[in-house]
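Numbered from 1 within each chain, the chains take letters A, B, ... in sequence-line order.
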Amino acid sequence: MLMNRRRMLVGSSVFGSALALGAPVVLGQAKQRVVVIGGGPGGATAAKYIAKDSGGALDVVLVEPASQFVTCFHSNLYLGGFRSLQSITHGYDKLTANYGIRHARQMATQIDRDKKQVVLADGTRLSYDRLVVSPGIDLKYDSVPGWGQAHEETMPHAWKAGKQTEILKARLDAVPNGGLIVMIAPPNPYRCPPGPYERVSMMAHVLKSAGKKDAKIVIIDPKESFSKQGLFQQGWDTYYPGMVEWLGPKIHEGVKSVDPKTNTVETGFETYKNAALVNVIPAQMAGKIARDSGLANGSGFCAIDPETMRSTIDANIYVLGDACIAGDMPKSAFAANSQAKVAAMNVRAELTSARAFPARYANTCWSLIAPDDTVKVGGSYASKDGKIAAVETFVSKNGETQTMRKEQQGENMGWYAGITNDMFG
Amino acid sequence: MKMRPLIALPMIAMAASCLAARAEPAKGDRALGEYLAGECVACHQVTGQASGAVPPIVAWPEDQFIAVMKSYKNKDRDNQIMQTLAGRLNTSEIEALAAYFGSLALQPMKN
Ligand SMILES: Cc1cc2nc3c(=O)[nH]c(=O)nc-3n(C[C@H](O)[C@H](O)[C@H](O)COP(=O)(O)OP(=O)(O)OC[C@H]3O[C@@H](n4cnc5c(N)ncnc54)[C@H](O)[C@@H]3O)c2cc1C
């Protein structure tokens with residue numbers, strides 16, 4: 001039993017039943033265990049900070065089926081031709097090698113909250129003292145009439161990075177001059193508020209650079225307004241005149257149906273036929289594991305205590321990132337990373353003698369509108385009136401100098417290198 | 001106009017690593033600094049490497065670090081991100097950050 005357990009501790013990523021049943025009580029001196037579900041920005045950061053800062057005192061297991069993570073952040077830069085896919089792909093090898101985190105390469109299929117166990121796809125049961133849940137979002141495949149999971153290759157969403165991003169890029173590059181792109185934008189709340197509009201900017205940049213200035217992008221948006229709207233619209237007028245048209249709900253009166261066979265999008269206002277590319281970004285909700293475990297409320301997302309990131313439903317569970325309800329914070333990788341550090345600190349304070357300090361959060365989201373023209377929005381946040389509330393925020397303004405906009409792209413690139421190191425390095 | 005640190009950066013780094021080696025008692029609370037630093041290392045690398053427009057901030061003399069943070073807090077220096085983050089920090093928090101980052105060694109560049 002002890003031998004089996006030891007062997008498991010040394011870097012195996014497949015869990016045998018011996019470990020599964022080896023709850024801490026069995027071995028007097030066994031370490032307390034923290035299980036983290038999801039190896040994205042939230043989960044990877046939490047696992048790293050819990051393992052690193054507890055100096056081996058806690059057993060940290062990261063449950064994530066993939067061996068590599070492709071970041072959604074900067075996937076628009078890949079689309080625009082500013083980055084390779086390889087440069088936005090990260091392995092988990094440093095987390096396992098440098099901090100003793102064990103990587104269980106499986107889906108978590110169930111959380112048995114009464115027994116404090118996570119059930120993995122192969123049936124293994126993994127006991128936990130504390131559980132961190134950061135599964136990101138699931139797409140609501142039934143939120144756009146006529147479109148569903150079966151159509152995600154013909155009408156890609158690319159709102160989860162990887163194969164979808166490559167499909168979108170290939171389709172974008174194939175749009176002919178005079179071709180039409182229709183983007184169906186998502187309703188709130190969704191992952192990365194400025195993301196759809198940065199994507200449109202990158203699409204327009206690719207078309208323009210290829211001399212396809214008669215191509216057009218129409219955005220069908222269910223929202224009355226969107227993040228950094230004035231900045232984006234000014235940028236589109238400046239760099240891509242006549243190429244981008246944004247339609248709010250009062251004008252298009254809703255998406256009536258899409259037909260993936262004929263690449264048609266019908267709205268109350270107009271029917272777009274034979275589009276060269278339709279990018280459907282549907283409505284979103286917390287990842288299935290969080291919803292199935294009763295951690296989400298009617299909104300489809302999970303309520304947390306803003307002082308600790310602990311679930312309001314279960315005191316042994318922390319929910320991070322896109323899956324949680326983070327008050328004034330947007331659903332971003334920066335936010336997930338920030339929340340993970342608050343959770344990690346509180347997990348350590350509960351299980352070890354580490355100190356806990358008042359929670360504080362930060363976020364900045366840069367968006368590339370054109371080469372060397374990057375805008376940003378950000379702020380700092382704290383727990384206030386029962387939610388994560390903005391303390392101070394900032395946003396770029398129209399009329400900023402070209403030098404400043406260019407420097408902000410430098411910040412954006414520097415941030416990417418810094419934060420991915422912080423998550424996966 | 002932006003103010004740059006008073007001495008060239010590599011010099012600061014070298015001077016600071018000597019200081020750190022002498023293990024002088026820091027005035028800042030390093031544990032607090034380490035927690036607060038979580039906010040900073042989303043952009044600044046703990047290895048002390050510069051990246052894009054994000055400068056290195058490890059192994060500085062504490063006084064220098066404190067002075068620069070205060071100049072962001074007072075909005076004498078004009079980066080919006082740094083103004084917002086520094087604006088929220090009180091003096092003991094800035095000292096804690098100075099103690100923590102000051103204690104980190106500049107790591108040699110990879111590749
Ligand atoms: C186009 C686009 C651009 C963006 N740009 C930016 C940007 O510039 N800046 C920024 O800060 N953010 C950006 N974002 C947002 C950012 O990508 C997300 O907010 C971030 O990835 C959320 O992290 P997370 O940990 O909550 O979830 P995710 O990144 O979704 O990670 C969740 C992980 O959990 C795993 N998982 C899910 N369920 C299970 C299970 N049951 N068992 C085991 N593992 C599971 C998944 O495989 C996945 O790896 C962008 C997003 C998009 C789509």
* Asked: So, for Tyr35(B) and Lys341(A), which heavy atoms are closest and what is the spacing to 0.1 Å?
  ->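 Answer, listing the atom of Tyr35(B) first, then Lys341(A): CE1-O, 4.2 Å.
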Atom group of [X] that falls short of 4.5 Å from chain B, counting heavy atoms:
{"X": "Gln409(A)", "answer": "neither"}
{"X": "Ser380(A)", "answer": "both"}
{"X": "Pro358(A)", "answer": "backbone"}
{"X": "Asp53(A)", "answer": "side chain"}
{"X": "Val377(A)", "answer": "neither"}
{"X": "Tyr49(A)", "answer": "side chain"}

* Asked: Pick from Val41(B), Val54(B), Leu36(B): which one has the most heavy-atom pairs with chain A under 4.5 Å?
  ->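 Among Val41(B), Val54(B), Leu36(B), the one with the most close pairs to chain A is Val41(B).
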Nearest-0.5 Å distance, [atom1] of residue [X] to [atom2] of residue [Y]:
{"X": "Phe334(A)", "Y": "Cys43(B)", "atom1": "CZ", "atom2": "SG", "value": "4.5 Å"}
{"X": "Gln45(B)", "Y": "Ile419(A)", "atom1": "CD", "atom2": "CD1", "value": "11.0 Å"}
{"X": "Asp422(A)", "Y": "His44(B)", "atom1": "CG", "atom2": "NE2", "value": "12.0 Å"}
{"X": "Arg360(A)", "Y": "Arg88(B)", "atom1": "CZ", "atom2": "CZ", "value": "4.5 Å"}

* Check: Phe394(A) and Ile81(B) side chains under 4.5 Å, non-hydrogen atoms ->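 SC-SC contact between Ile81(B) and Phe394(A) confirmed.
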* Does some side-chain heavy atom of Asn421(A) sit less than 4.5 Å from a side-chain heavy atom of Gln49(B)? ->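 Result no, sub-4.5 Å side-chain heavy-atom pair not found.
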* Assess the side chains of Asn79(B) and Glu407(A): does a donor N or O sit below 3.5 Å from an acceptor N or O? =>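 Checked: Asn79(B)/Glu407(A) side chains show no N/O donor-acceptor pair below 3.5 Å.
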* To do: Examine distances only and state if a side-chain atom of Arg355(A) and a backbone atom of Leu32(B) form a donor-acceptor pair shorter than 3.5 Å.
  =>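 Looks like no, no N/O pair under 3.5 Å.
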* Asked: With a cut-off of 6.0 Å (strictly less than), are more than 12 heavy atoms of other residues, nucleotides or ligands near NZ of Lys384(A)?
  ->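 No.
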* To do: Pull out the residues in residues 89-97 of chain B that come under 4.5 Å of chain A, heavy atom to heavy atom, sorted by number.
  =>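 Result: Leu89(B), Glu93(B).
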* Asked: So which part of Gln80(B) gets closer than 4.5 Å to some heavy atom of chain A, the side chain, the backbone, both or neither?
  ->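 Contact with chain A is through both the backbone and side chain of Gln80(B).
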